[in-house]
Each structure stands twice: as structure tokens, then as C-alpha cells.
There are 2 protein chains.
Amino acid sequence: MTAPPSRQIARELRGQIDRGELVAGDKLPSERVLAERYGVARNTAREAIRLLADQGLVTAEHGRGVFVRGKHRLLRFGAERYARTLRESTGLSPFRAEVERQGRVPSVNCVSIERVTPSAEIAERLLIDSDVETVVRRENWYFADDEPMQVGVTYSPWSIVEGTPVADSAKMGKGSLYARFEEVGHAITTIREEVSARMPTPEEAHGLKIPDGVPVLEVVHTGCDQDGVPFEVTVFVMRADYNGLDYKMPVED
Amino acid sequence: MTAPPSRQIARELRGQIDRGELVAGDKLPSERVLAERYGVARNTAREAIRLLADQGLVTAEHGRGVFVRGKHRLLRFGAERYARTLRESTGLSPFRAEVERQGRVPSVNCVSIERVTPSAEIAERLLIDSDVETVVRRENWYFADDEPMQVGVTYSPWSIVEGTPVADSAKMGKGSLYARFEEVGHAITTIREEVSARMPTPEEAHGLKIPDGVPVLEVVHTGCDQDGVPFEVTVFVMRADYNGLDYKMPVED
DNA sequence: TAGTGGTCTAGACCACCAT
DNA sequence: TGGTGGTCTAGACCACTAT
């Protein structure tokens, strides 16, 4: 009932990480060194490292080595990120504010604005008929220190944003998207956020430069105005090792 | 610039899943069959399957085969799970209600109640000094159809729960924990939930029977009473392929 | 018992990174 | 250039599941 060699090796390495003998950024012994040290084939040492990578403890970098992953402070996003006072006091988007709070350099890049027919998932949340009404799709990428952190794709009914700055990057200006919505009569008043987690698709892993063993948080956010009308749905996909959510809510009766 | 064979094979299998030629529960060809079919070594076919498992698409079962994972409907938990009206109208805990809504059989098992010294993380949220005050720790396991879904560990200051049913399983009764708290003067009024996601530890993967490639959601929940006093912190760890969160909130100014 | 995945060996060549 | 991880081969034995 003794564990296979690959697990033994993984356990020893894990112990060294847990005890602080190996700390964030440290390089592990190479696969070949481990293999010789433990008297196993290289593939066995490799398997041990894979077990650690699957737990999110280490990351392999081709040609460089295997490194202990750091426990990063999470960027925390809650409902207050939509508050008008935050928009007005800082002049920063909530993402920018949170990244700067940690001494990093934020940037946001709107990569596309298109008019599309919505998926059933989106149409349902916007209370529109996907056979009849189209939506504007805005795709934003969020970076900290030029590292990609999140992708957010916002959908709004064409009937709401037609002719407004929201549908046109040239007129968008620097401020918050929600300030623009408010100017055209939709002040964000209540939100719904549906949160789940999963492993990234290969495309997401590539685009967000997510190492192996790191899941993503997916947040389907719906914003409703002062009349309870849903006017935008945003699907966020964020690296779970850098991002978290922090909600404070009253408990309704 | 052509992809390695293992990725090619993974891509083909993934295509079959995406196109619905292989659906949830279907068995993939065995590693040996794949190897022969594609003219590669068994390890190469195995690597292809591992790539799919890492994306959460398939699960290997020792001695049985490799199976396409289903896209399960998520159990959705929001702030309303703490509402008194829900407690009173259904007589069910929110977990039970949500599981039954999907036609499955819920069960909850309180495995331990202990008096312990809190970690810094817990003490901080309960606004107590971990050097002075102790807490009661209740560990609950949640099942649907005898499959483990979540673990929840609740911490409450000893000064609040001393002598109450919350600190004593014998006196606990069937109803909700929050009903018991309310009886001793702490009605849950506002909550804070800090959400993150990560890969499970080996212990969690084993205890919750989580297949490879499935992350966990970790929710640190703090409950505050009518006076704003935090009286319990619960740390939930839930399989992310079966559980999600659904919050509706007003946007504060 | 036959078939499956889990693990391992002892090599090999390639792609990438730093020097 | 030498060292690293990435991938592959062609075997082997073990552990588990089903019949």
C-alpha cells in the first residue's frame, strides 16, 4: 500500500513548498536531475511535476524550468464597482482603481464593437427575442502590468444603444460605460451576477496566457435600470488566480 | 507548423464532442484502440486523452474506460438562501430546496462540532482576537443523490453560541442553523461573500470525489446581524461543475 | 478472464532559452 | 552551445471492472 514513485516525489516536493523551503519564483530541480536523484525514469519525474502543476502549485516554462507559483493577492470585485460615487470620485473605472490599489499599472483595450444577433443565453437575460432584435457586442480586455487579467463581453439591445456613444468607439470617450448608459436614460440600479468556475478552453488559456492548473471564473452580469429593465449583459472570464469577487448584500425577507 | 499527434487526436475527439457525435456518458475508444487507429504509441493516445481531461471534457474511470462528461445543470445559490421566508415556507434548508428542485435527493451531514482557536482569517472576519477568544467550528457535508457537492465549515464566537443549540448537535434539531441564531438574538441581516476559484487540494479531490480537471469554488461567507455584528463565518468549498452562485443586488450610491 | 486505465522504463528527437 | 521542458516510442507490469 505504498504510493507510486511519481506521487512520492510529488509529495516530497509539495512538502518543501508547504514548509517554505521552496518559495514563490524558486526553480525546481530539472526533470533529469529529479529522475537521477530518485533513481527513476525521466517520465516518472515528469509525472510528479505534472501532479503539482495540476494542483496549481508550479508552472513549467519551456526551456527555462519549473517554477513555484506565487500566491498572488487577488483583485477583488464587488457590486460597488458599479456605484456612481466611485465613477465620479475617482474618475477611474473600478478595474483601474483596483489594479492601482495594488501598485500595478492597469489598461483596458476595447478590441471590437459589432452588431450581432444574440445567443439564447444573452437574449433571455435581456428579455428580448433573438429572432427579432439585434444587440451591440463590445469586447474589452483588461490588463495589469500588461498581463491579461480578464475579458468582458458586453451585450446591449440595439434599440437602446442605437446612435449613442455606447455603439460607437469614436464617441465613447474615456469615462465609464455606465456613465454613458445613464446619459441615455438607463441608470444602473440593480445587478444580477451568476458566478461559475471551470477550466479555460484552449483559446482562453492562450489568449489570457493562463498557465496549466489555473481555472477561470465566469461571471454573467446583468445590469438593470431604475425601472427594472435589463439594458446590458456582460460575460466576464477572469483568471481565478488573480481575480476574486467580494459581495456585500442585505438578506431580503 | 503542424500540431503534435497527441494534440491532433485531442482535437479530433474534441470535435466529435462539440458536434454531438459523442455525448455525455459516451465511452471514448480505449487508449489502445486510439493508438492503433492513429498509428501512435499508447502513451501518445493517452496524452491526447489527458489534454481533454485537463479541459474538463472527459473523465477516466479506472478499469472501465474514458467517458464524456455531462454539462450538468448547476445548483445555484444566492443571498436568498438565508431569507427567513424561505426557511419558514419550505421548512427546508436552501441546499435541500435547490437539490429537490432538480429532482435529486439531498442530504446534509454534520460531521463534527468542536471548540477551537480560530485562524487569523476567521478571527479577522468575526472581529475577534484569536489570542483571547475561541470559536465553535461546525463541519457540514452536503450531498445530492449521495454524491458529495459541498463542504461548509462554520465558525462562531464561543461568547455567542455558548450554551445554545448551535454549539451542541444534540439540541440542534432539524431546522436551519439561522433559525437557531435568530432565537438567541442574532437575525441574519446582511452578508458578505468572498468568492474565488482554484484547483482542489488532493484531500479535497478525494473527499469530494472530484474528477480531474474540475476546479472548486471557495466562498468565504460572513453573516452579520441586525446590529451589523458578524456572528458567523462559513467557508464553503464546492465542486464547480455542479455548483454556481447567483446574486441579485442593489447598486449602492 | 479479458479489457480497461495507471504507472513505469530507457531510450530518442525537437523546441525554446540563456549564455 | 548546453540545459531545459515537450513529445514520442515500444515495450512492461499492476490495479480495477465487468462478465
Side-chain angles (χ1 to χ4, degrees), chain A residues 1-14 17 22 25-69 202 205-206 209-214, chain B residues 1-14 17 22 25-69 202 205-206 209-214:
Chain A
M1 186 40 212
T2 154
S6 58
R7 290 169 193 263
Q8 295 269 12
I9 297 168
R11 225 179 93 252
E12 285 210 26
L13 290 171
R14 188 167 188 209
I17 294 171
L22 286 169
D26 281 2
K27 189 160 168 285
L28 265 58
S30 80
E31 296 174 350
R32 288 160 178 91
V33 168
L34 284 174
E36 199 188 1
R37 182 178 301 172
Y38 288 93
V40 297
R42 185 186 151 205
N43 272 355
T44 304
R46 186 174 171 77
E47 174 67 14
I49 286 171
R50 158 155 256 159
L51 290 169
L52 298 177
D54 283 350
Q55 296 164 42
L57 293 173
V58 302
T59 303
E61 294 184 36
H62 196 167
R64 299 220 313 131
V66 177
F67 300 87
V68 178
R69 279 247 295 281
H206 182 255
K209 299 204 180 85
I210 304 177
D212 286 350
V214 176
Chain B
M1 186 43 209
T2 153
S6 57
R7 289 169 193 265
Q8 296 269 10
I9 297 169
R11 224 179 94 254
E12 285 209 26
L13 291 171
R14 190 172 185 206
I17 294 171
L22 286 169
D26 282 1
K27 189 159 167 285
L28 264 58
S30 79
E31 296 172 350
R32 288 163 177 87
V33 168
L34 284 174
E36 198 189 3
R37 184 178 301 172
Y38 288 95
V40 297
R42 185 187 152 206
N43 272 355
T44 304
R46 186 173 171 76
E47 174 66 14
I49 287 172
R50 164 155 257 160
L51 290 168
L52 298 177
D54 283 351
Q55 296 164 40
L57 293 173
V58 302
T59 303
E61 294 184 33
H62 196 166
R64 299 220 313 133
V66 177
F67 299 86
V68 178
R69 278 247 296 281
H206 182 257
K209 299 206 181 85
I210 304 177
D212 286 350
V214 176

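Below, read A as the first sequence line, B as the second, and so on, with proteins coming before strands; counting in each chain starts at 1. Computed over heavy atoms, backbone and side chain alike; hydrogens, waters and symmetry mates excluded.
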Interface limits on DNA chain C, where chain A has a heavy atom under 4.0 Å of a nucleotide atom: C/dT7 to C/dA18
Close side-chain approach of B/Leu28 and B/Leu22, heavy atoms under 4.5 Å: yes
Closest contact, heavy atoms only, A/Val58 versus A/Val68: CG1-CA, 4.3 Å
Without swapping roles, check the side chain of A/Gln55 against the backbone of A/Leu51 for a donor-acceptor pair under 3.5 Å. yes
How do A/His62 and A/Ser6 order along DNA chain C: which one's closest nucleotide is nearer the 5' end? A/Ser6
Value for CD1 (B/Ile17) from CG (B/Leu52), rounded to nearest 0.5 Å, stands at 5.5 Å
All heavy atoms of A/Ser6 vs all of A/Ala48, minimum pair found to be O-CB, 3.2 Å
Going by distance alone, is a donor N or O of one side chain under 3.5 Å from an acceptor N or O of the other, for B/Gln8 and B/Tyr38? no
Measuring only between side-chain heavy atoms, which start at C-beta, is A/Glu47 closer than 4.5 Å to A/Pro4? no
If only atom types and distance count, is the side chain of B/Arg46 paired as donor or acceptor with the main-chain N or O of B/Glu31 below 3.5 Å? no
Terminal axes of the helix from C/dT1-D/dA18 to C/dA18-D/dT1 (5 end pairs apiece), angle rounded to 10 degrees, sit apart by 20°
Does any residue of residues 31-54 of chain B have a heavy atom under 4.0 Å from DNA chain C, and if so, which ones, in number order? B/Glu31, B/Arg32, B/Arg42, B/Asn43, B/Arg46
Could you give the distance from CZ (B/Arg64) to OG1 (B/Thr59), rounded to the nearest 0.5 Å? 11.0 Å
Per side chain to side chain contact (heavy atoms under 4.5 Å, CB included), A/Leu34 is matched among A/Thr44, A/Ile49, A/Val40 by A/Ile49
